[in-house]
2 protein chains.
Amino acid sequence: MSHTLGARQAQKQKTRQAFLDAALALLEEQSLSSLGLREVTRAVGVAPTAFYRHFRSIPDLGVALVDEALGSLHPMVRETVSTTGDSEERISRAVELIAHYVAAHPSHVRFIARERHGGVQPVREAIGGQLARFADEVRVTLAQDPGAAGWSDDDVLMLARLYVDQMLISASLFLEALERPADERDRVARLATRQLRLITIGRDHWLD
Amino acid sequence: MSHTLGARQAQKQKTRQAFLDAALALLEEQSLSSLGLREVTRAVGVAPTAFYRHFRSIPDLGVALVDEALGSLHPMVRETVSTTGDSEERISRAVELIAHYVAAHPSHVRFIARERHGGVQPVREAIGGQLARFADEVRVTLAQDPGAAGWSDDDVLMLARLYVDQMLISASLFLEALERPADERDRVARLATRQLRLITIGRDHWLD
DNA sequence: AATTCCAGAGAACAGTTGTTAACTGGATGA
DNA sequence: TCATCCAGTTAACAACTGTTCTCTGGAATT
């Protein structure tokens with residue numbers, strides 16, 4: 001088992017994290033395809049060549065950022081969508097999860113929204129892969145719900161994708177509302193709630 | 001009235017269009033915030049300084065591209081969403097509109113998807129403004145529909161935004177499917193159709 | 001026919017970029 | 001204790017960037 005790392009490895013991970021943090025901060029106001037290697041090392045306070053000790057390239061760093069941003073979110077999503085509670089309760093759980101995550105990690109959310117369709121292929125693919133995982137996790141959870149009786153597998157996945165996409169749209173709206181008066185955030189929360197509610201109503205009558 | 005332009009103005013507009021075309025082609029594989037002025041002029045085949053005769057800056061060119069990509073789409077959307085035909089008919093009209101537009105102007109669609117959350121503020125704002133216009137146009141059309149009786153204005157706008165966002169998601173999926181076997185495009189079309197159908201079912205039972 | 005206008009060219013500027021190679025010095029393991 | 005390792009440094013490279021000022025030659029105006 002991996003016990004406590006030597007002082008050597010510990011320092012390396014610390015520097016690596018500094019790279020990720022600095023890059024994320026710089027990406028608040030530009031996109032990954034314009035982020036320079038020297039720009040990042042300058043922000044960290046190390047020599048340009050130190051970069052290569054941690055990442056092969058800027059796209060490589062971007063992929064690491066995708067994991068940092070979305071990797072820890074899977075258990076939270078599974079728990080939030082789980083079948084405990086009625087649908088209205090699950091909707092408000094979901095909206096609150098998004099609101100809190102955006103408030104706690106705004107620059108990660110911005111990064112994902114920006115690079116999902118951004119100019120760097122490996123990063124687009126990493127994000128696409130993570131979102132597909134989310135959709136599949138939601139699909140599995142939905143399939144366990146008694147309301148999914150009589151649904152085709154394909155339709156359950158269709159619904160799961162709809163939910164996931166809706167989450168992302170709401171996250172992006174919360175992000176825009178972050179640097180604005182608090183009542184703006186409430187409006188976004190109410191909008192997101194009603195949209196999820198409408199989708200859920202459509203789900204309830206899908207088999208009519 | 002603006003009659004036929006002199007040979008002078010005509011040539012200028014031609015060069016301007018060459019800038020827009022070249023930029024759009026370059027933006028297939030990078031994002032606007034990394035697009036260089038010299039890169040564009042090199043692709044057009046003119047001196048770097050010629051750029052300033054047409055645009056103040058690269059973001060300025062980006063805003064022009066937003067208008068080119070979305071400006072002509074408003075009448076089409078209005079016609080497609082209009083209240084003629086039953087809802088199933090309107091859904092297939094909408095899906096076909098998107099499929100055709102993506103097939104006819106793939107790089108414009110890619111540009112919008114990429115820069116909607118991209119690193120260049122004026123361009124983000126221009127896209128946001130156009131999307132808000134679409135949502136409002138859909139809202140007005142929906143409000144005319146008898147099915148909207150008893151709906152609050154806010155809820156109609158909520159639904160309109162849901163439709164517009166859904167259009168964009170579908171457009172992005174069509175784009176990914178473009179360079180793939182034809183049956184992939186059919187799958188996207190069927191997915192988009194079913195998602196719109198589910199939303200419409202939710203709409204029909206909203207007031208229950 | 002003479003004058004004004006202006007899209008585009010040309011040259012030069014100080015800064016920036018990614019990548020290479022060879023190095024230093026403290027932690028690591030024998 | 002001594003040899004090895006390796007995160008980070010230093011120096012140098014050719015190539016590129018946006019922006020300035022000055023100039024040119026054909027179209028537009030008088």
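Computation of the quantities below employed the complete heavy-atom set of this structure, encompassing side-chain atoms and omitting hydrogens, waters and symmetry-equivalent molecules. These numbers were taken from a predicted model, which means no experiment stands behind them. Protein chains get the first letters and strands the later ones, always in sequence-line order, with residue 1 at the start of each.
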Considering only heavy side-chain atoms of B/Arg53, the closest of D/dT9, C/dG8, C/dA9 is C/dG8
Does the A/Arg78 side chain pair with the main chain of A/Phe134, one donor and one acceptor, at a distance under 3.5 Å? no
Margin query: Ignoring hydrogens and geometry beyond distance, is the side chain of A/Thr49 in donor-acceptor contact with the base of D/dT10 at under 3.5 Å?
Written below: yes
Any side-chain N or O of A/Arg42 below 4.0 angstrom from OP1/OP2 of C/dG15?
no
Taken to the nearest whole Å, CD/B/Glu39 to C1'/C/dT17 is 14 Å
ask   = Within the structure shown, what part of the strands sits under 4.0 Å from A/Tyr52 by heavy-atom distance: base, sugar-phosphate, or nothing?
value = base
Determine, for B/Arg197 against B/Glu88, whether the closest basic-nitrogen to carboxylate-oxygen distance falls under 4.0 angstrom. yes
Side-chain atoms of residues 36-50 of chain A: list all donor-acceptor pairs with protein atoms under 3.5 Å, sequence neighbours left out, distances to 0.1 Å.
{"unit_1": "A/Glu39", "atom_1": "OE1", "unit_2": "A/Gly36", "atom_2": "N", "d": "2.9"}
{"unit_1": "A/Glu39", "atom_1": "OE2", "unit_2": "A/Gln30", "atom_2": "NE2", "d": "2.7"}
{"unit_1": "A/Thr41", "atom_1": "OG1", "unit_2": "A/Leu37", "atom_2": "O", "d": "3.4"}
{"unit_1": "A/Thr41", "atom_1": "OG1", "unit_2": "A/Arg38", "atom_2": "O", "d": "2.9"}

For A/Thr15 and A/Gln11: C-alpha separation, side-chain torsions, deciding distance, then whether side chain to side chain donor-acceptor pair (under 3.5 Å) applies. CA-CA 6 Å; A/Thr15 308; A/Gln11 174 57 34; 3.3 Å; yes
For the pair A/Arg114 (side chain) and A/Leu27 (backbone), establish whether a donor and an acceptor sit closer than 3.5 Å, ignoring hydrogens and angles. yes
Side chain to side chain donor-acceptor pair (under 3.5 Å), that's the test. Do A/Thr200 and A/Ser87 meet it? Break it down for me.
CA-CA 8 Å; A/Thr200 302; A/Ser87 54; 5.8 Å; no
Note: contacts of residues 24-38 of chain A with DNA chain C (heavy atom, under 4.0 Å) are A/Gly36, A/Leu37, A/Arg38
Stems of at least 3 consecutive Watson-Crick or G-U wobble pairs (donor-acceptor distances under 3.5 Å) involving DNA chain D, listed by first number, are C:4-12 with D:19-27, C:14-17 with D:14-17, C:19-27 with D:4-12
Do A/His74 and A/Gln130 have side-chain N/O donor and acceptor atoms under 3.5 Å apart?
yes
Please enumerate all protein N or O atoms sitting under 3.5 Å from an N or O of nucleotides 24-28 of chain D, with distances to 0.1 Å.
{"unit_1": "D/dG26", "atom_1": "N2", "unit_2": "B/Arg8", "atom_2": "NH1", "d": "3.0"}
{"unit_1": "D/dG26", "atom_1": "N2", "unit_2": "B/Arg8", "atom_2": "NH2", "d": "3.3"}
{"unit_1": "D/dA28", "atom_1": "OP1", "unit_2": "B/Ala7", "atom_2": "N", "d": "2.8"}
{"unit_1": "D/dA28", "atom_1": "OP1", "unit_2": "B/Arg8", "atom_2": "N", "d": "3.0"}

What residues 13-22 of chain B contributes to the DNA chain D interface at heavy-atom separation below 4.0 Å is none
By side-chain hydrogen bond (donor to acceptor under 3.5 Å, both in side chains), A/Asp145 pairs with (sequence neighbours left out) A/Arg90
